[in-house]
Amino acid sequence: MWRYALRRLGYAVPILIGVSIVVFALIKMAPGDAADLLIPPETPKEVAAQIRAKLGLDKPMHVQYAVWLGRMVRGDLGISIVTNEPVAASLLNALGNTLMLAVPAAVLGFALGTILGALAAFNHGTILDRVFSAAAITGVSLPHYWVGIVLVAIFAVTLNALPAQGMGPGGIPRTWEQVRHLILPVFTLSLIPMGVVSRLVRANVLEIIGQEFVGALRAKGLLDRRVLVHVMKNASPSVMALMGLQLGYLLGGSILVETVFNWPGSGGLMNLAIFRRDVPVLSATILTIAALFVLINIAVDVLQAAVDPRIRR
Amino acid sequence: MSPRLLTVRDLTKHFPLKGGLLGTSRGVVQAVDRVSFDVHEGETLGIVGESGCGKSTTARLLVRLIEPDSGEVTFDGATVGRRPSENAHTTIGLRELRRQVQMVFQDSYSSLNPRLSAAASIAYGPFVHGMARAAARERAHELLQAVGLDPGPFANRYPHELSGGQRQRINIARALALEPRLVLLDEAVSALDKSIGAQVLNLLADLKERFHLTYVFISHDLNVVRHISDRVMVMYLGKVVEIGDVETLYREPQHPYTRALLSAMPSMDPSRRTLEAPLSGDPPNPINPPSGCRFRTRCPIAGDVCAREEPALTAFDNAGHAVACHKVLLPSGSRRAA
Amino acid sequence: MATDTTIALAVPGLRAAPNEVGQAYWGNVRRRVYRDKVTVGVILILCAIVLMSIAAPLVTAHDPAQGSVFKRLKPPGFPGHWLGTDEVGRDLWTRMVYGGRLSLLCGVVPVFLALTIGGTLGVVAGFAGSIVNTVIMRSMDVLYAFPSILLAIAICGMLGAGLRNTILALTVTFIPPIVRISESVTTQVRGLDFVEAARASGGSALSVLRHHVVNNVLGPILVYATSLISVCIILSAGLSFLGLGVTPPNPEWGLMLNSLRSALWVNPVIAALPGVMIFVTSMCFNLMSDGLRQAMDVRL
C-alpha cells in the first residue's frame with residue numbers, strides 16, 4: 001500500500017506543476033502587472049523601466065515563473081498590494097475559518113446524506129423513495145447560495161433567531177454564541193455534499209441489495225440489521241472516493257456561502273481580493289486551495305486503496 | 001489436392017503485459033507461437049482448442065486486425081505485407097487482402113453497429129471500397145436474399161429488432177459483400193441455439209458452394225467442427241499440436257491432447273465410453289508456458305525429452321496428417337527419441 | 001438471450017427494447033420522450049421561459065434600466081409592478097424577464113462550446129489512443145485539479161468580469177468533464193466487435209470513426225452535456241453574484257440576487273425572487289436531461 005501511496009504522490013508532482021503553470025499564466029494574463037500599482041502614471045519611461053527591472057518583470061517568462069514558483073514553494077506567498085501584509089499569514093488564518101465551516105459541513109452532509117440515501121434504498125419502490133428522488137433532483141438544482149439567502153430571510157430577518165452574518169466572537173466554537181453563527185452557514189454548505197452523497201449511497205446500496213449474496217444472507221436468516229452492516233461495508237469505497245472530491249469542493253466552493261454570510265474565510269479573502277484587484281492574494285489563495293485539493297484527493301485515494309484491495313493494482 | 005490459398009509460416013504474436021506507472025513490461029502472453037499451416041482452396045479447415053489456445057488471435061492475425069510479431073502469411077501466392085518473401089514474389093496490400101479475406105465474429109449482436117440498419121451495415125464494405133451508395137445498397141439487398149432474408153422487411157431493420165440467427169445471417173452477408181475468397185468464421189454459431197445454429201451451418205454450406213468460398217471454421221464445439229470441416233487443426237496454448245483430415249483425426253487422434261479432447265466429448269451413444277484418462281492438472285498460464293512441450297504438465301505420457309525440447313509439427317503420414325509430439329510413434333519408422 | 005448480456009453497459013443507449021420495429025435510434029428516442037409526460041412538460045416550460053426572454057419587450061411593460069427613486073423596494077402587488085421593484089426602483093418582473101436572456105445565454109453557450117471542443121478532444125483521444133490520448137488526458141488532469149468553482153473564479157477573477165470572460169471561464173471549466181466522458185465512451189465503443197468488423201471490411205480510420213464510432217458516442221455525450229447545463233446556470237449566476245460575471249446594470253439573475261441583498265431586511269421576499277428563476281430553470285434542465293437519459297438508455 002505504501003508503494004501505491006508513493007506512486008500517487010509521484011503522479012501528483014507533474015499535476016501540481018501544471019496547476020502552478022495555470023495560475024502563473026493567469027497572473028500574467030491579468031490586465032496590468034505588479035508594477036502598475038507602484039508606478040504613478042506620470043513617471044518617465046526610463047524610471048518605470050528601472051522599477052520594472054528591479055521587480056524582475058523584464059526577465060523572460062520561464063525565469064519569472066521559476067522565481068515565482070520558488071517563492072511559493074518556500075511559503076513566501078507574497079505581499080498583499082492593498083494591506084501590505086504577508087499573504088501567508090492572512091491566508092492561514094482565513095483557511096482556518098473556512099475549515100471551521102467546511103469540516104462540520106462535510107460531516108453533516110455525509111451523515112445525513114448517507115442516512116437518507118440508505119433509507120431511500122431500503123425502502124425502494126415506496127412513496128418514501130419517490131419523495132427522496134424528488135428531493136434529490138431539487139437539491140441538485142438549488143443554488144446553495146440562494147438557499148443561504150432564503151434561510152437568512154427566514155431565520156434572521158423574520159424570526160430573528162439566528163445571526164445573519166459574520167463569525168461572531170470567532171475562534172474555535174466553544175460558546176453557544178459562537179455556535180449560533182455557525183448554524184446557518186454550515187447547514188447551507190452541507191447541502192451540496194448531502195445531495196450528491198445521498199444519491200450515490202442510494203444507487204450503491206440498491207445495487208448491492210440486488211446482488212445475490214445479499215439474498216443469500218437474508219435466506220440464511222441473518223437479521224436485517226446485520227445485512228445492513230454488510231451492505232454498507234460494500235458500499236463504502238466509492239462513497240469515500242466521493243468524499244475527497246466533496247471536501248475539496250467545499251474548500252474551493254465555500255466562497256459563495258462565505259459571501260452570503262460575510263464569513264472571513266478563504267472565500268471571503270478571495271472575494272475581497274477580487275474586489276480590490278489584489279492579485280498576489282488572489283493568486284496565492286487559488287494556488288494553495290488547488291494544491292490542497294490535489295493532496296486531499298491523493299489521501300482519499302490511498303485510504304480507498306487501503307480499504308479496497310481490488311484497487312491496489 | 002487443390003492449390004494452397006493461404007499459407008501460414010511461423011506466425012507469432014506475443015502480447016506484452018503492461019503494468020506500473022510508466023507502462024513497464026511485466027511479462028508476455030504468448031498468445032500465438034510459431035504457428036504454421038496451410039489452407040487449400042475450396043476446403044473448410046476447422047480449428048479447435050480450448051479457450052485461450054490462440055484460435056481467435058490467429059484469425060485476427062490472418063485478417064490483420066492485429067499485427068503479427070513475426071512470421072509470414074501468403075495469400076494466393078502473394079506475401080501479405082510490403083516485402084515479398086522468397087516463396088512468393090508478389091505482395092498483397094492490406095486493403096486488397098481485406099477484399100479477399102473476411103471474418104464473421106462470434107457475438108452476432110456486438111458485431112453489428114446498433115445505429116445502422118441491416119442493409120447499411122452490409123453496404124459499408126463495398127461503399128468503402130469505392131462503390132457508389134446506391135449500388136452498394138443494391139448489393140446489400142442481393143446479399144440479404146442470398147442469406148435467406150427477404151430484403152423488403154429486413155433491409156431497414158436494426159440489430160435490436162432481429163433474432164440471433166437473423167443477425168448472424170447479416171454478419172455473413174456483410175462478410176460476403178466484398179466477394180471474398182476466404183471467410184474466417186470465429187465461433188460463428190457458438191452463441192446460437194442449436195436448431196438455429198444448424199440452419200446457419202446449412203446456409204454456410206450452401207454459400208460455400210454457390211460462391212466458391214474457402215472457410216476457416218474456428219470453434220470449441222467438436223461436433224460442429226466435425227460436421228462442417230474437411231480438415232481439422234488442433235491448437236493448444238498458442239501452438240498447433242495436430243492437423244489432419246477430419247475423419248482420420250477424429251477416429252484415430254494421435255496427440256494426447258487431441259485424444260483427451262475427443263474422449264471428453266459427451267455422447268449419447270452408450271457404446272462410446274471414455275477410455276482415456278481425462279486431462280489432469282490446471283491449464284498452464286499463457287504468460288509462463290511450460291518449457292519444451294507446452295502440454296507436458298497435463299500429459300499422461302510425458303517424458304524427460306518433453307521438458308527439454310519443443311516438439312515440431314511433423315508429418316505423420318502422406319495424407320497431410322501431422323502431429324507435434326515426441327512420444328508419438330511414426331509409422332515411417334523414424335521414432336522420436338523416447 | 002445470452003448474447004445480449006455480453007455487452008458491458010456503461011454505455012447507455014446501445015441497447016433498446018426489442019419490440020419497436022423498423023425504427024432508427026433517434027426516432028425511438030423521440031417517441032419515448034413524447035410518452036414521458038414529465039419531460040415533455042419540462043421542455044414546454046423551458047420553451048416558455050426562453051420565448052419570454054427573447055420576446056421580453058412584448059411581455060413586460062417597463063424599461064429594465066429605468067428606475068425611480070420614489071419606488072424603491074416596493075413589495076409585490078404594488079400598482080403597476082406586480083412583482084415589486086428593486087433597490088433602484090426598476091420593475092422586478094421586467095428585470096427578471098430580461099435577465100433571462102443573459103442568464104440563459106451564460107448557462108447554455110459555455111456548455112455548447114465545451115461540448116464542441118471537449119467532445120472533439122475526447123473522441124480523438126479515445127479513438128487514437130497511445131500518445132495522443134496520454135497528452136490530452138493528462139492535460140485535462142491538470143484542469144481537473146481545480147475544484148470547478150475555483151477554476152471559474154480564478155479565470156474571471158484574474159482576467160476581469162464581463163460577459164466574454166464569464167463564458168470563457170465556464171467553457172474552460174466544463175471542458176475537462178466532457179473530455180473525460182467522451183474519451184471513456186469512445187474507448188469503450190472502439191473496442192466493440194462492429195468497429196473491428198468495420199476495419200476488417202477495409203475502412204480507413206477516418207471512415208470508421210465517421211460511420212461507426214461517432215453515431216454511437218454522440219448519444220451519451222449529448223446526455224451528459226445537457227446535464228451540465230443546469231450546473232452551468234447555477235455557476236454562472238453564482239459568478240455574477242460574486243461580481244465576477246455579468247456587470248451591472250445588466251439584468252441577470254445572479255447579479256440581481258446580489259444587488260437585492262440590501263432588500264433582505266426591508267422585503268425578504270423580493271430578495272429571494274431572482275433565485276426562484278435560477279432554481280426553476282436549473283430544475284427544468286435537470287429533469288429534461290434525466291428524461292433524455294432515460295429515453296436513450298432503456299434497460300430491460
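Numbers restart at 1 for each chain; the letters A, B, ... are given by sequence-line order, proteins then strands. What you see below is based on every heavy atom in this structure, not just the backbone, and it leaves out hydrogens, waters and symmetry mates.
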S.K.: Which atoms of C:Asp290 are under 4.5 Å from chain A, going by heavy atoms: the side chain, the backbone, both sets, or neither?
M.R.: side chain
S.K.: What part of A:Ser283 lies closer than 4.5 angstrom to a heavy atom of chain C: side chain, backbone, both or neither?
M.R.: both
S.K.: Please output the residues of residues 141-152 of chain A in contact with chain C, using a heavy-atom cutoff of under 4.5 Å, in numerical order.
M.R.: A:Ser141, A:Leu142, A:Pro143, A:Tyr145, A:Trp146, A:Ile149, A:Val150, A:Val152
S.K.: Given heavy-atom pairs under 4.5 angstrom as the criterion, report whether the side chain, backbone, both or neither of C:Phe279 touches chain A.
M.R.: both
S.K.: Write out, in numerical order, the residues from residues 162-169 of chain C with a heavy atom short of 4.5 Å from a heavy atom in chain A.
M.R.: none
S.K.: Non-hydrogen atoms of chain A under 4.5 Å away: do they reach the side chain of C:Phe285, the backbone, both or neither?
M.R.: neither
S.K.: Around atom CZ of A:Phe187, are there more than 12 heavy atoms of other residues, nucleotides or ligands at under 6.0 Å?
M.R.: no
S.K.: Check each atom of C:Asn286 against the heavy atoms of chain A and say whether the ones under 4.5 Å are side chain, backbone, both or neither.
M.R.: side chain
S.K.: Select one option (side chain, backbone, both, neither) describing which atoms of A:Val19 are under 4.5 Å from chain C's heavy atoms.
M.R.: both
S.K.: Of all of A:Asn297, A:Val140, A:Val22, A:Thr138, which one pairs up most often with chain C through heavy atoms under 4.5 Å apart?
M.R.: A:Thr138
S.K.: Which value, rounded to the nearest 0.5 Å, describes the distance between C:Ile149 atom CD1 and A:Ile289 atom CD1?
M.R.: 11.0 Å
S.K.: Hey, is CZ on C:Arg138 packed in by over 12 heavy atoms from elsewhere, all under 6.0 Å?
M.R.: yes
S.K.: What residue in C:Leu150, C:Ile278, C:Ile233 has the most heavy-atom pairs under 4.5 Å with chain A?
M.R.: C:Leu150
S.K.: What distance do A:Ile286 atom CD1 and C:Ile155 atom CD1 have between them, rounded to the nearest 0.5 Å?
M.R.: 9.5 Å
S.K.: Using side-chain contact (heavy atoms from CB on, under 4.5 Å), reason through C:Phe146 and A:Val23 one step at a time and then give a plain yes or no.
M.R.: CA-CA 10 Å; C:Phe146 293 87; A:Val23 176; 4.1 Å; yes
S.K.: Got a sec: does the CZ of A:Phe155 have more than 12 other heavy atoms crowding it under 6.0 Å?
M.R.: no
S.K.: Roughly how far, to the nearest 0.5 Å, is CD1 of A:Ile27 from CG of C:Leu159?
M.R.: 11.5 Å
S.K.: Under a 4.5 Å heavy-atom cutoff, which of A:Leu251, A:Val260, A:Asn271, A:Val279 has the most pairs with chain C?
M.R.: A:Val260
S.K.: With chain A as the partner, which of C:Thr281, C:Leu239, C:Leu242 has the greatest number of non-hydrogen pairs under 4.5 Å?
M.R.: C:Leu242
S.K.: List the atom of A:Leu282, the atom of C:Met158, and the distance in Å for their closest heavy-atom pair.
M.R.: CD2-SD, 4.1 Å
S.K.: Heavy-atom distance under 4.5 Å to chain A: side chain of C:Val231, backbone, both or neither?
M.R.: neither
S.K.: For chain C, which candidate among A:Leu256, A:Thr285, A:Val294 shows the most heavy-atom pairs at distances under 4.5 Å?
M.R.: A:Leu256
S.K.: Hey, which of C:Cys156, C:Ala154, C:Ser230, C:Pro274 has the most heavy atom pairs under 4.5 Å with chain A?
M.R.: C:Ala154
S.K.: What part of C:Ala237 is in contact with chain A, defined as an atom under 4.5 angstrom from a non-hydrogen atom: side chain, backbone, both or neither?
M.R.: both
